[in-house]
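For reference, the structure discussed in these notes is given below.
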Amino acid sequence: MSDPRLEVDLAGVKFRNPILTASGCFHYGKEFAPYMDLRRLGGVIVKSLSVKPWPGHPPPRGAETPSGMLNAIGLQNPGVQAFIDRDLPWLVQRKVPVIASIVGHSVEEYIRVADRLRNAPGVVAIEVNISCPNLDDRSLMFSSNPDATGAVIRGVRRVSSQPVFTKLSPDVTDIVEIARAAVRGGSHGLSVMNTALGMAIDTESMRPKLSTFTGGLSGPAIKPIAIRCVYQVSRAFPEIPIIGQGGINSGADVAEFMLAGASAVAVGTANFTEPTTAKRIYDEFVEYLTRKRIKDVSQLKKMLKEG
Amino acid sequence: MSDPRLEVDLAGVKFRNPILTASGCFHYGKEFAPYMDLRRLGGVIVKSLSVKPWPGHPPPRGAETPSGMLNAIGLQNPGVQAFIDRDLPWLVQRKVPVIASIVGHSVEEYIRVADRLRNAPGVVAIEVNISCPNLDDRSLMFSSNPDATGAVIRGVRRVSSQPVFTKLSPDVTDIVEIARAAVRGGSHGLSVMNTALGMAIDTESMRPKLSTFTGGLSGPAIKPIAIRCVYQVSRAFPEIPIIGQGGINSGADVAEFMLAGASAVAVGTANFTEPTTAKRIYDEFVEYLTRKRIKDVSQLKKMLKEG
Amino acid sequence: MSPTKDAAWSGQVEVFAYRRLAEPYHSLTIVAPDICARAAPGQFIAVRTPDDRSLLLRRPFSIHRVDRRPGWAGTVDIVFDIRGRGTEVLARARQHTSLDVLGPLGRPFRFPKEQTNCLLVGGGIGAAPLLFLAEELRGHGHRVDYILGGRTSEHLLRPIEAKRASLTVSFTTDDGSSGTQGVVTDILEERVRATKARVVYTCGPVPMLRAVARECARLKLPCQVAWEEVMACGFGACLVCAVPVRLERGAGNDEGWGWARCCTEGPVFSASRIHWERVEDAPAGVTT
Amino acid sequence: MSPTKDAAWSGQVEVFAYRRLAEPYHSLTIVAPDICARAAPGQFIAVRTPDDRSLLLRRPFSIHRVDRRPGWAGTVDIVFDIRGRGTEVLARARQHTSLDVLGPLGRPFRFPKEQTNCLLVGGGIGAAPLLFLAEELRGHGHRVDYILGGRTSEHLLRPIEAKRASLTVSFTTDDGSSGTQGVVTDILEERVRATKARVVYTCGPVPMLRAVARECARLKLPCQVAWEEVMACGFGACLVCAVPVRLERGAGNDEGWGWARCCTEGPVFSASRIHWERVEDAPAGVTT
Ligand SMILES: Cc1cc2nc3c(=O)[nH]c(=O)nc-3n(C[C@H](O)[C@H](O)[C@H](O)COP(=O)(O)OP(=O)(O)OC[C@H]3O[C@@H](n4cnc5c(N)ncnc54)[C@H](O)[C@@H]3O)c2cc1C
Ligand SMILES: Cc1cc2nc3c(=O)[nH]c(=O)nc-3n(C[C@H](O)[C@H](O)[C@H](O)COP(=O)(O)OP(=O)(O)OC[C@H]3O[C@@H](n4cnc5c(N)ncnc54)[C@H](O)[C@@H]3O)c2cc1C
Ligand SMILES: Cc1cc2nc3c(=O)[nH]c(=O)nc-3n(C[C@H](O)[C@H](O)[C@H](O)COP(=O)(O)O)c2cc1C
Ligand SMILES: Cc1cc2nc3c(=O)[nH]c(=O)nc-3n(C[C@H](O)[C@H](O)[C@H](O)COP(=O)(O)O)c2cc1C
Ligand code: FES
Ligand code: FES
């Protein structure tokens, strides 16, 4: 059999393969370059970018949990301008397709980041990370409210030149409702899903393990939740491309997400264990497609036996 | 040092220790009796009971996931009357305090089960499992809607003679809002939390691993989510006793839940690995209290260092 | 008390031997005198995979054989093929590896009351419990004959042991690489006649069980099947292992059927008790 | 290219020896010629705990010593105490156990440019990187003296090796069971004078580092600290290992401080670069 076709089209953007790396889990790529050829990746979703630099939270910022980890980085990033000046050219030079993840504390801030990235060379898509406290409306995250979600996406769409993906949080009563708000707001695609809110306590010191007490749970532990979310969202919006993420650590995991309805995937926490994880997953996934005699990766999405 | 005091008072009911077993994970106790002295337990939360027998879902009903499992039992149970006639006397004879978990497809059904259990000897409390599709209002679970939650609890309170605990689902945007509805409806206590909705797909057969596609995720994988939920709810309602559950598999896990704010805990999935798990956890927890020189287990709830 | 009410033995055992069998199969012999002493054919043991805490649940395996030789510690054999992470880890166990096991579990095969000719029909790795059964049936003076099926000759489970434990063994393979090309039911009626079998014991993949049960019903032969359903606990507590069975109407049951727990009410069922219309041939998630 | 930009070596290594040290400590010697050849004192390796997939992340351990004897394969030693499941599993490793390691990682201690007397101050297991440092400093012709602190004499890390690698070693213990009763800073000034030390290298629990740094500032001695912060990746990708450091104002930084990554910008920092006011003595979740 000839090699399986791996190219995927997400909202008009062609990726050489569907294996991306997740925001915040690949920084801006540099740290991985000594270990692997970044061109093996479909693309890199970079660490979320804000208008101004964000400092992030004090340590401890991480704690391992059974088959997972909690993090409380607090979206530390040098700001979108520093990224454009310093990190983006490096990625572009290496021919790595970049998906820019953006964050803000208000609709206004999201719009400003998206605006800066307008026509930025090499930025093929925008991922809007709405798992961020909404300072206009205290208490809530954008991701937990359909109106706030819609407002952010409409605003971003107004200024951005690239296709927009909205990254949904699992911590909602009805993820389809939020997906709908994003799609109605003009989101071209959806990233499903971000971390789940969790907490861990050290029973020896009797302190929370994270400085912020609660933080984002990631890793294989949450994969079943992510598969469920992808399935629900893809069945509600079959035409909308989905980037699946949450606990991916093998080629079979990639296949599982695509069977659930994802068009592409992003590898997150697994990158931390081994800088070459994404390459290993790519190889395993190609082996799977070959063994299953799947000629075109985009077929997988339609292969779930639901009968 | 003298032995730590283990007795806890939950809404006026005294339990000899805070280690209970979770609904659906201990059946009605019989299967464990050959392996352990059931009087070592604080109490048994029995498999959820409905007015009439419920058949449950077709197989496959279970699938392992990283540090967790999915189940789709579908609340199979013989109905409350069969329980009262056959299983309850057996438990009472063995002096096991029984918390009766109840389910229904409508407020009416919940009330009818609670009514049957009114003054049932040995039933020291009612746990209302609201993670159940609401047939009066299609699409939704009771647990995902504050009004439906309030209505169920008010109805159950009207007829029941025992303290009522509402068992919350993590699959909501704001668990405190649902907790508030339960408390306002008259719930004496809260059980935090039920399983999280998940899904898994067998990539070889390309079929969902559960007959129902989605099912409940339990086990250590979800412990960080459960700790977070207990923490949020206990901070919002410091006077309301909480039964913590989700991934408990050691004495340290029990301590972690109590530090987060639980007054008691329930051991679920871990019972399946070893019929004597609850006893082991009890022993480990007593060892922990002794080592930490904690004289009264109810102190733990106030010992989290939040400074 | 019935065996399901007894506590199964639970604890750490040592691996006495790991053996690689023909192509897809592996065998482990464990030193477990208590299990060995109480085990009956058709029962199973539930094994925790060592070291890896991401695997929560025990894996159930049929008791393939026991060795109760006098002066011998008492060993139990299981045979398996690699399905996923659990069996992959188990296939790395070697002499002295320590394993946590629970067993014997479940209800065994029922033996004929009087001297009878018994036909054992097994497919693939599903044939695992039949060797123990054959040895015990013969010990009780029954005549035993065997049909073993498999995809290829390599998938016939321990054909030489089967020969030793029975009077005749017939093979069927999908590709004809051993015995008759075809499936076990292609030769069942002929073997029943030739062996004068009056009872059939069978285990293997569901489509095979269904076909054997149907054939036995036609031939008016009693048939017992050993069922495999996904399990979580193995001792009756979780209700994961549901098998649809016919029930008397009444007593809250208007439909004439209900779920039995494979682990405690099975894994051995009378074929006539199974509610075949409700059995899926290739249940979601189970690849055989 | 600076060492942090180089790829660390990554792969499976074999355990050459496991040793139980004095009471709470364990040591592992691994055969890792590539790491051995490139390692410098202060750097660390990141080890995956074998078998248990519920543990996702690597565990960082300071390089305690390397053996580059000619004709020898090249080994690396780590020493550790048991904190949780990961170190518990590692303490069960024995000769031939295979481990997945990544290293050397991080920036090493900087050496004095000219011949200088160096004082090494370590507390508890935190003293791990000092032995390698002592040996290399002496190899470069510097005088090395040691202060080792611990809760009890059993918590002094490898005192005999420390003695061999230095001119003098002084001990402090909380309970007075060895050396001076008290903490390392009780004797620091006296030891500086006695040894004519012009530079201090230190590692151990945060309160000790803080006290040593303060004392060095008072004595106007340059001081390098090896920092331990909870890590996820170990190679700069996750931003988990934040250490507060002083920064020049400007360039988007109006506050004069920021977070450095312990894994790539550390673990060795100049004590004067640490923003001590923002360092918590007993950070949540870290028990030392
Ligand atoms: C009563 C009983 C007796 C059994 N006897 C044997 C035996 O003697 N030899 C043998 O090789 N296997 C036997 N099995 C099947 C065996 O339990 C599974 O192969 C094993 O659990 C797979 O574990 P894993 O971690 O390798 O695979 P997993 O990763 O857990 O699963 C891999 C695949 O196996 C399927 N599977 C998981 N559990 C079961 C199960 N309980 N039954 C059937 N399929 C399952 C899964 O759905 C999945 O498709 C028996 C099962 C039962 C219920
Ligand atoms: C650069 C560096 C060098 C280190 N060198 C050594 C060494 O030479 N010897 C040694 O014994 N330990 C060293 N540590 C600490 C070591 O990494 C932890 O002891 C180990 O990760 C604990 O793993 P565990 O699974 O046993 O514990 P876990 O269950 O993961 O945690 C147990 C406790 O250890 C704490 N912990 C976890 N990770 C770290 C960490 N990275 N740093 C500090 N505390 C942590 C946790 O917060 C928790 O309180 C070093 C840490 C760093 C960052
Ligand atoms: C340390 C860490 C940092 C993260 N930072 C971001 C971020 O900046 N923006 C974002 O959208 N998601 C962030 N995430 C979430 C991941 O992109 C991913 O959606 C999530 O971790 C689930 O995938 P995984 O289980 O494969 O890690 C972060 C996750 C981790 C673990
Ligand atoms: C097989 C299984 C059956 C369950 N059945 C019920 C049930 O009938 N009623 C209920 O309220 N919760 C049920 N649960 C949820 C548990 O009671 C518990 O809340 C949940 O599993 C989290 O705890 P754990 O992680 O310790 O299992 C069930 C869980 C499992 C795994
Ligand atoms: S496997 Fe739990 S009841 Fe059968
Ligand atoms: S541990 Fe990941 S950046 Fe330092």
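Chain letters run A, B, ... following the sequence lines, proteins first, then strands; residues in each count from 1. Computation of the quantities below employed the complete heavy-atom set of this structure, encompassing side-chain atoms and omitting hydrogens, waters and symmetry-equivalent molecules.
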Residue selection (most heavy-atom pairs with chain B, distance under 4.5 Å) from A/Asp171, A/Thr65, A/Ile178: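 Top count of heavy-atom pairs under 4.5 Å with chain B: A/Asp171.
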Flag the one option from B/Gly215, B/Gly68, B/Cys229, B/Ala200 with the top tally of heavy-atom pairs under 4.5 Å to chain A.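 If we count pairs closer than 4.5 Å to chain A, B/Ala200 comes out on top.
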Pick from B/Ala221, B/Pro66, B/Gly219 with the largest number of heavy-atom pairs that fall under 4.5 Å of chain A: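 Option with the top pair count is B/Pro66.
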For residues B/Ser144 and A/Asp174, determine if any side-chain heavy atom of one lies less than 4.5 Å from a side-chain heavy atom of the other.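 A side-chain contact is absent here, since even the closest heavy-atom pair is not under 4.5 Å.
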If the threshold is 4.0 Å, N to carboxylate O, is there a salt bridge linking B/Glu256 and A/Lys209?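 Salt bridge between B/Glu256 and A/Lys209, a charged N being under 4.0 Å from a carboxylate O: no.
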Does this structure show an ion pair linking B/Glu306 with A/Arg207, if we count only N-O contacts that are shorter than 4.0 Å?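 No salt bridge links B/Glu306 with A/Arg207.
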Atom CZ of B/Arg184: over 12 foreign heavy atoms under 6.0 Å: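 No.
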Which heavy-atom pair separates [X] from [Y] by the least distance, and what is that distance?
X	Y	result
B/Lys305	A/Pro208	O-CD, 3.4 Å
B/Ala196	A/Ile225	CB-CD1, 4.1 Å
B/Tyr288	A/Glu204	CE1-OE2, 4.1 Å
B/Thr203	A/Ala252	CG2-O, 3.3 Å
A/Pro224	B/Leu217	CG-CD1, 3.9 Å
B/Met206	A/Ile294	CE-CD1, 3.9 Å

Euclidean distance, B/Ile201 CD1 relative to A/Lys223 NZ, rounded to 0.5 Å: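 Rounded to the nearest 0.5 Å, the NZ-CD1 separation comes out at 9.5 Å.
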Nearest 0.5 angstrom please: A/Leu259 CG to B/Ser205 OG, how far?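 Reported value, rounded in 0.5 Å steps: 9.0 Å.
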Residues A/Thr173 and B/Thr173: side-chain donor-acceptor under 3.5 angstrom: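 Side-chain D/A pair, A/Thr173 to B/Thr173: present.
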Which bit of A/Leu197 comes within less than 4.5 Å of chain B, counting heavy atoms only: side chain, backbone, both or neither?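 For A/Leu197, the contact with chain B is made by backbone and side chain together.
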Heavy-atom distances under 4.5 Å only: say whether B/Phe257 touches chain A with side chain, backbone, both or neither.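 No part of it gets close to chain A.
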